[in-house]
Every structure is written in C-alpha cells, then in structure tokens.
Amino acid sequence: MNELAAKYSAKEVEDKWYAWWLAHKCFHSEPNEKQPYTIVIPPPNVTGILHMGHVLNNTLNDVLIRKARMDGKNACWVPGTDHASIATESKVVAKLKAQGISKEDIGREEFLRHAWEWKEEHGGIILEQLRKLGCSCDWDRTRFTMEPELSEAVINTFVYFYKKGWIYKGVRMVNWDPVALTAVSDDEVIHKDTKSHFYHLRYFISDGNGKPTDKFLVIATTRPETIMADAAICVNPKDERHFWLKGKKVLIPLINREIPVIEDDYVEMDFGTGCLKVTPAHDVHDYEIGLRHSLPVLEIIDDHGKLNEKAEILVGEDRFVARKKIVKMLEEAGNLVKVEDYTSPVGYSERTDAVIEPKLSAQWFLKMETLAKMALETVESGRTKFIPEKYMNTYRHWMENARDWCISRQLWWGQRIPAYYLPDGSYVVEPTAEAALKAAQAINPSIKAEDLRQDEDVLDTWFSSWLWPISVFDPQKPGHPDHRPNKDLSYYYPTNDLVTGPDIIFFWVARMIMAGEEFMGREPFSNVYFTGIVRDKIGRKMSKTLGNSPNPLDLIQTYGADAVRIGMLLCSSAGNDIFYDEAQIKQGAAFCNKIWNSYRLVKGFSVDPSAKQAPAAAEAVEWFRAKLSDTVALVEDHYSKFRISDALMTIYKLFWDDYCSWYLEAIKPAFVDGVAQPLDKDTHAATLEFFEALLKLIHPVMPFITEELWQDIAERREGETIMFASTPKADCNNPGAIAGFALASEAVNAVRGVRSQRNISPREQLVLKVKASDFPCIPVIEKLANVKLELVNTLGGEQGVGIMVRTTEMFVVLSSSVNVEEELAKAEKDLEYAQKFLAGVRAKLSNERFTANAPAAVIENERKKEADSLSKIESLEAKIKQLKNSK
RNA sequence: GGGCGGUUAGCUCAGCUGGUUCAGAGCACCUGCCUUACAAGCAGGGGGUCACUGGUUCGAAUCCAGUACCGCCCACCA
C-alpha cells in the first residue's frame, strides 16, 4: 500500500484480511498455560439466514472475544448451528408439499433423508455469512446439535435423567390441529377474538335414580357439543347461591347421564352463571380440575374433529355441525334457557387456520423442581450475572414457578426418544436398541428385537441445546457424571460470557444453567448479556412479511462490515431494543473514512531528525498522551460493566474529536511556499504511537480497517497481526496537562465563536489579549485560534470584543468597528444571568439548615461558585461601563 | 387479569449510592466555509417545566406514593 485513495474502500480490504486470518489460523484456540476466555455461539437455526438480530448478537460476541484476545487471554469462540426441529421440519414439509408429497406417505426414514439433504444444502449458509461480518470464530470447532456425537450426548442425558427418576411419562393437553392431524406448539397457535354465542343450558337435578326432578341449575357454555363429555358441574365453594347444590347430582341433557356437583376455587362467582360444566377431555382447565377431583376423562371428539361413538348422539358429525344441531335439540328438549352473543379469544392453527382442539396426549416430562432450585441459586448467588440486572426478576419468577418440562415433540427431525415398548405396553429406556433388547429380555426372555417398538416422538430442540456449553467441548460428559472431563472441557468450561436475547431466557439460558449445575457442578457462564430486539425505525419488529428487514449482506457490500458493526453497536445498550436506521451504518462508514483519512495525513508527514519540536506540538503530545491514558481507563471501565456502546462512543470521540480535531491540528506542520515542513522526530514518533494505540482500541469493533492500517503503519513480522497486539494501557497520569489543555481549548473555541459571529475568516490572524500573568498552552491557542496572544494587566482602549474564559477576561482586537449596542445587550444579559446564579448560590449558603446538613465538600463548592460568579459579575460590570462610555 | 420494566432535546439513549455551573452525548437540524487528510469534511449555533400529581429532604431528573401512557413476559376465564 503506497498511495492511499481519498476514500476508504472496504470491499477489497475485508475479503483480503479475513482470508489472511484464516490462512494464519488466527482464530484457532488450543488449551495452553494462558487464561482462557470462552464464548459459545448461540447456535442459529441450521437452515436460517443471517438477519439483523444475528448481526447485533454476533458483533457483540466478536467484540468481546477480540478484546479478550488483545488482553492476552486465550480466546475461544465456538461456532455451530442448531437443528431446530420445528422450524426445519416445517420447511422440509413445505418443500415436499410443493412436490405433492406428504411426510406420512413417504414415512419416517425417507422423510429424514429429505431433511438431511435439506440440511446439507442450506445448513452452514449462515456460518458463511458470519465470516463476512468478520466474526473470529474458531471454525475448526464448528458443531451441530444433531451431529452424531452431540445426539449421543442428548440420548445419554435422557437415559440419565430417566434412571434418576426425573423423567416420567404423563398426559397433557396439546394443541391439536384437526386438519393437519398433528399437535402444534403453543407458539404456533394464534389467538383471535372470535364472535360466537354463550349458550345458557338447564341441567336438571337427579332424583338419585337417574330421573330428573323439577329443580335445575343453569350453566353457560360456548361449546354445547361437548356436554356429552361432561364429568361434573363445578361451583365455587364460597358461592352462597349454590349452597343447596352441595352433594347433588345432575343429569346431562339429552343423554341423561348422571354427574356430580363439585366445588373448586377455580370457578369465578361473577362470571356466567357461576356454574361451570367440567369437560376434562376437551379443555385444559377442566382437565386440571378433573385431576384435582379424580374425575373420569371421556373423549368424544376424534382426531378429525368429529364426534365419536362415546358421544352417544350426533356420532360422526363435525364439531361445528354438531354444535348447530345440538342447540336445536336442546331447545326442543327444553334445556336451552337463552343464547347471548359473545366474543372470546379462540386459538387457530398458524399453519392451517383450523380451530385448535385441546387434546389429551401422552408426553414425556422432566421434573423441574430440583433443577430449577439449583439454577435459581446460581444466579441469586451471583455466580452467573445478568446484564441488565432487571432480568433477574423475570428469572426468579420463572424458576419459582417452573412447571415440569415437556420434552417430547410429535416430530421426526430430532433425537428420537430412546424408549422401547414391549408388546405388553411396558417399556424400557436405554441408549441403544441393543441395550434396550437386553433390558427387555431381562423382563421377558422371549422378547426379540423385532418385538420392540421405539417411541415415535423426538426430543425438544432445547433438550439438546441446553447441553451446548458442555457438549461442544466434551460430548461424552452429559449423562455421565463420573466421566472425567477431557482436556478441552476442563480448560474452557465454564465459559465467560453469553450474549443472547431475553426471549429465550427460560427456554435456553435457564436450562443451560440447569445442565451446567447438574453435570459440571457449576455455572456454564459468568455473565449473560441480554440484547434487545432489532426493530425498524418506527419500532416495528423486523419480519419477512413486513419486508422491513434489510439484508445484512447487502449492507456489508455497500458500507463494509466495519461500518455495519459499529453502526449497530453505537446505539445499542444492553436490554434495550434497537431501532435500526440505515443512517447509523452510514455514520459507521463515515467513521471508517475519517480513520482512513487521518492515516493519509499521518502517513504523509516527513521527518527532519534535526528539527526542534515546536512548542505547540510538545504541548499537544503531552496532553494527548494523558488524554489517551485517561480514556483507556474509561473504556476499560465501560467494558467491565458491559456498557459496550458507551465504550465505543468514548473511543469514537477520542479518535475523531481529540485526535483528529485537536491533536493533529495542533501538530500539523506549517506550509512554506506550498511545501509542508517536516516534523521533528519526537512528534512524529508520538503521532504514530498514538495512532497505533487508537487502532488497537477500536480493533475489536472494526477489525478490518484497523488491520489494514496497522499492517501499513510499520514493518511487521511475517504472520504478525493486530489481533494479538495488546490493548493500550492506562499508564500516564497527568491531570495538569489535561486541565491546561481543556482551558486552552475553551479559549480557542471562544475566539472561533467571535470569528463565526462576525464572519471573520479563520485565515485572518487576530490579536488576543489575555488579562492574566500566565495561561496554559499559549502556543496551541495561537496556532489553533490563529491569534497572537498577549498577556496584559489591563484591558481596553482598542476596538474589539471581550470574552470570558471561565474566570479569565480576554479581548479580541478587531480592526472593524464593533456594534456597541449588541455587545452591551449581550453583556447585560450575561450579567443578569450571573446575578441570578449568585442569588441562588447565596440563598443556599445563607440557609442554616443547608450549612448544617450538607457535607463540607458540597458547601466548599458552593463557596467557590459564589467567588467565581462574583468575579464574573465584577468584570461584566466593568465591561458594561466601558461600553457605555464608548457610546 | 397477574408480574416486570420504561417515560429526559426532533430521533436513539446516558445521567451509578440525592449536592461538580446538572440538565448531557451521538445523530438530525440551522448558519458560514470546496481552508493542501477527510464535503462521508471543517467551524459555529439553536433546541428539553427530566410524563403528570403529591410527598420525603436544607436540596429531587435522581428517593417514596398515586395517576396516565408505552413495552415485555405469564394467564388468556367457562
């Protein structure tokens, strides 16, 4: 790189360096004597493509991992993908459907062949995309949750918990889609307010022999077609209106089956009639009441949504047809009291838009009690910290109310549950079919392999991803508490930080903590940083259907990965949603260009080894060294609190404002006859040193441009990279230099203000009189404000403008006449403000209760304010007097 | 309905255990500049009753209570 273009072009640079890093194995980590710093990627769906949420998440991960690497740690970022059973299976189902094939037609094995094909074709695209973003993952360690070793870990874990007695088979209501003939997850159910009717039905009290008396009660229902499945009528035990029903039995209309009246707190007294018909087989809540009162469960609706023979009447009718017909029958039988219009939320299947039918089915569960307790303790004890902390509340609430985890899914894509059924319906749970056969033969020696039938269901995807921080290093460990962890696991576990979204705090984060505690005896990570959701400019969630999500690869193509990375991070604080606006990326691109051009300037400096250092340069160097050090300390502090965007903004301002606008302008050599004068060697060396420090500071966020410039700024050894250069240290403490320069820069700003107001060109040199015996950084002021500075005892006489820099009076001498009226008005306004301010301060100081109660430092400060404003008032008054005289 | 969080400049946010001249930052905006690194730039500037109402305090953006609105999670009432 010799001549630098005036504009930074990211494209060429980024591909070049990513390939170089890979070729030099810069991302690969092996256990060594250094301190490890580990992150496991939140595995994206294997067939997913990169969206803005991934960009945010993985940029944060990459910033943390690159920072750790430069801090001298052995940084390891393990990448990989998740098999995502539901998402992937439904994609494959859709693809087959387009070809007119249903998964039932081709069967399990054939379907899985298609699914693996799909995975081979689409899987890993997202990992390729992460490379474009600059992610420094250890690609040699790439894992997939359904690869053989990790699947084995999942199966072993299941067997382990089963043998421990924590996994059991139970019955649970699932969301049944009668059109697709499958259970769907809660996420796939859409609740829509739906107009229907509230049918008030009369149930007669039984005389004890199955004959109706003339007494009755009234229930209200939206589903009269289910009355044949009623198991009881339930009232609230506190409801006085229904005391007389205690112990009574009632008759189901039309079929005259006798059912009891029971009492349960669940029933709301002021809703409907206060009487609830309990239908355990077809309603979630009713099922729970049924459990509490040991009610029989009678299923009268089949998988297709039609009434079956257990309904006794209307057999074979569709549930909605049955509803219409039964209403008529009830009316004719005299059981219908009235019909009200009613709107209530009804669940619809996302895939078929069919009304969801709650259906009982056998599922596998993992007991949460002990695991949840352990996982709560991990966070409450602070062994794992949440950032921001507010998520602890949510977490605690969940952990304290954790229900057993339903781990079975009625899908094929995933780890198949290792339960093997014997012909008699009993079952054994073993890691392999062979082991299952042995176990089965121990029960019944005549069992043969073909007699065993493996459970059809697969395990919830989270049942594999909760092992991720363990299994990526040592897949043998989960399910084998006695297994001695291998070298990798011992070294890298526990990992350090996890970056993820708060939406999966329970699904994933909590469960990884459970698995970590159970199998490793300790937390899987020290910190969890929760990002927000990436939204569009006007706050809508990004979604494919809205089309408001940009393709990150297009953005990288247009602006460069560095620009996309810093653009995303500048406005993202932990836990807050990100309102994405392309303007942010443009800001990032502008920053790249600024860095680029500052280097063009620096690179162009020539050096004269015998030249003396200019006073302004000497001051600027001393100041910037101190400023850099202070800023490094501040940045470290931000990082330590995971205030990433603050850390970046701090570096951004240091680079742009302090280094470019102040430092470089202060040391910039003069031009003589159109030729830039050479710099002295001290200034030149310091300038390069500072530039390199800045590159290193910003490298974790902007890896490409920093590598490009870092390689050019000095001769590098073969294979040397900024990736392993060390983070700048805060090793210069010089508050005097910082304070002095700050005061000087205020003076410069004041003079510039005068110029701007009066339209005086920056090129016209002015005289600045300063009423003081000394002032800091005079050469810097003279250079940057383009003034000749004179220290004087008294001011006045010439034409010009007076300015105040804190408590120092200054005067800019002007050749043109000044508008006295304007000056006067401004001075009077300032005076008024100063007097009000003084009055406020004095009111405070004269308040005995203030002086008695406030700490000494605060009072001292008020006294300083008083003195400062007094001196300010004094000089303003003098100025006003003088202005009035000159009128 | 239950729980949690929020409300500070046009936008996105910072402001830690009340007290630095506390009302801030970035972007956007306005004005003037194509000044030998950068117009993706330089210099200057305007802009907020800190949601509302009360309380605690010598002192409140900051602590407390209530109200309004917004967001998220859970349950979505037969």
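Chain A is the first sequence line, chain B the second, and so forth, proteins listed ahead of strands; every chain is numbered from 1. The structure presented is a predicted model; accordingly, all values stated were derived computationally and were not measured. Note: hydrogens, waters and symmetry copies are ignored here, and every other heavy atom, side chains too, is used.
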Now, which nucleotide makes the Watson-Crick or G-U wobble pair with U67(B), with each of the two distances under 3.5 Å?
A51(B)
Y8(A) and ring-ring contact (aromatic ring centres under 6.0 Å, His included): which single residue from W596(A), F704(A), F591(A) fits?
W596(A)
Is the shortest heavy-atom distance from the side chain of R842(A) to the side chain of L870(A) under 4.5 Å?
yes
Reckon G567(A) touches a base, only the sugar-phosphate, or nothing at all at heavy-atom distances under 4.0 Å?
nothing
Phosphate OP1/OP2 of G5(B) contacted by N393(A) side-chain N/O (<4.0 Å):
yes
Which part of the nucleic acid, if any, lies within reach of S598(A) when heavy atoms closer than 4.0 Å are counted: base, sugar-phosphate only, or nothing?
base
Among C58(B), U36(B), A78(B), the one nearest F671(A) by side-chain distance:
U36(B)
C1' atoms of A9(B) and G24(B), separation to the nearest Å:
10 Å
Whole-Å distance between A40(B) P and Y599(A) OH?
24 Å
With C1' as the reference atom in both, quote the distance from C76(B) to G3(B) in angstrom, rounded to an integer.
15 Å
Are K844(A) and T851(A) linked by a side-chain donor-acceptor pair shorter than 3.5 Å?
no
To the nearest Å, how far apart are L648(A) CG and C27(B) P?
14 Å
Sub-6.0 Å ring centroid separation between F530(A) and Y391(A):
yes
Could you give the CG-to-C1' distance, from L784(A) to G44(B), as a whole number of Å?
16 Å
Return the pairing partner of G44(B) with a 3.5 Å limit on both distances, Watson-Crick or G-U wobble; otherwise return none.
C30(B)
For C76(B), the Watson-Crick or wobble partner whose two distances fall under 3.5 Å:
none
Phosphate oxygens OP1/OP2 of A37(B): is one of them under 4.0 Å from a side-chain N or O of K668(A)?
yes
Integer angstrom distance from the P of G2(B) to that of A75(B)
16 Å
Quick one: label C660(A) by what it contacts on the DNA or RNA (base, sugar-phosphate, nothing), any heavy atom closer than 4.0 Å.
base
As a test of reading the structure: which of G19(B), C58(B), G32(B) is closest to the side chain of N759(A), going by heavy atoms?
G32(B)
From the list G41(B), A78(B), C58(B), which nucleotide is the closest neighbour of the side chain of N853(A)?
C58(B)
Scan every strand shown for a Watson-Crick or G-U wobble partner of U57(B), both distances under 3.5 Å, and answer none if you come up empty.
none
What integer number of Å spans the C1' atoms of G41(B) and U36(B)?
14 Å
When you get a sec, tell me which of A78(B), A40(B), C38(B) is the closest nucleotide to the side chain of R600(A)?
C38(B)
Using a heavy-atom cut-off of under 4.0 Å over every strand shown, decide if A854(A) touches base, sugar-phosphate, or nothing.
base
Checking N1-N3 plus N6-O4 or O6-N4 for Watson-Crick, or N1-O2 and O6-N3 for wobble, each under 3.5 Å, the partner of A14(B) is none
For H285(A) and Q757(A), find the nucleotide of RNA chain B closest to each by heavy atoms; which residue's nucleotide sits nearer the 5' end?
Q757(A)
OP1 or OP2 of A40(B) sitting under 4.0 Å from any side-chain N/O of K7(A)?
yes
In whole angstroms, how far is the P atom of A14(B) from the CG atom of L570(A)?
14 Å
For G674(A), answer base if it contacts any base atom (sugar-phosphate contacts may also be present), sugar-phosphate if it contacts only those atoms, and nothing otherwise; contact means non-hydrogen atoms under 4.0 Å.
base
Within this structure, what is the CG-to-P distance between L601(A) and C42(B), rounded to whole angstrom?
13 Å
Scanning both residues in full, the closest heavy-atom pair of I667(A) with A620(A) reads CG2-CB, 3.9 Å
Of the listed nucleotides G41(B), A78(B), A75(B), the one nearest the side chain of T222(A):
A78(B)
A43(B) phosphate, OP1 or OP2, under 4.0 Å from S661(A) side-chain N/O:
yes
OP1 or OP2 of C42(B) less than 4.0 angstrom from a side-chain nitrogen or oxygen of K594(A), does that happen here?
yes
Pair D712(A)-Y599(A), side-chain donor/acceptor within less than 3.5 Å
yes
Round to a whole Å and report the spacing from CD1 of I505(A) to P of C74(B).
11 Å
Nearest to side-chain heavy atoms of K653(A), which nucleotide of A37(B), G26(B), C58(B)
G26(B)
Look at N593(A) and G41(B) and indicate whether a side-chain polar atom (N or O) is within less than 4.0 Å of OP1 or OP2.
no
Report yes or no: do T807(A) and D868(A) form a side-chain donor-acceptor pair below 3.5 Å?
no
Below 6.0 angstrom between ring centroids: does that apply to Y663(A) and Y659(A)?
yes
Rounding to an integer number of Å, can you tell me how far Y395(A) OH sits from C4(B) P?
18 Å
Are any of H282(A)'s side-chain N or O atoms less than 4.0 Å away from OP1 or OP2 of A78(B)?
no
Output yes when at least one side-chain N/O atom of W656(A) is less than 4.0 Å from OP1 or OP2 of C42(B), else no.
yes
Which is true for N749(A) with a 4.0 Å heavy-atom rule: it touches a base, it touches only sugar-phosphate, or it touches nothing?
sugar-phosphate
Spacing of the C1' atoms in U17(B) and A60(B) (rounded, Å):
15 Å
Is it true that the side chains of Y203(A) and D230(A) contain a donor and an acceptor less than 3.5 Å apart?
yes
Choose from G15(B), C58(B), A78(B) the nucleotide whose nearest atom is closest to any side-chain atom of R643(A).
G15(B)
Gap between atoms CD1 and P, on I289(A) and C77(B) respectively (whole Å):
14 Å
Between V675(A) and R849(A), just flag the one whose closest nucleotide in RNA chain B comes earlier from the 5' side.
V675(A)
For V278(A), report the nucleic acid contact type (base, sugar-phosphate, nothing); a contact means any heavy atom under 4.0 Å.
nothing
What's Y652(A) touching, base or sugar-phosphate or nothing? Going by heavy atoms closer than 4.0 Å.
sugar-phosphate
Assess whether one donor atom and one acceptor atom, taken from the side chain of E665(A) and the base of A37(B), lie less than 3.5 Å apart.
yes
Using the P atom in both, what is the distance from C30(B) to C50(B), to the nearest Å?
27 Å
Between E862(A) and K864(A) (salt bridge meaning N to carboxylate O under 4.0 Å), is one present in this structure?
no
Using the C1' atom as the reference point in each nucleotide, state the distance between A28(B) and G48(B) in Å, no decimals.
16 Å
Using the P atom as the point on both nucleotides, what is the distance between A61(B) and G18(B), in whole Å?
13 Å
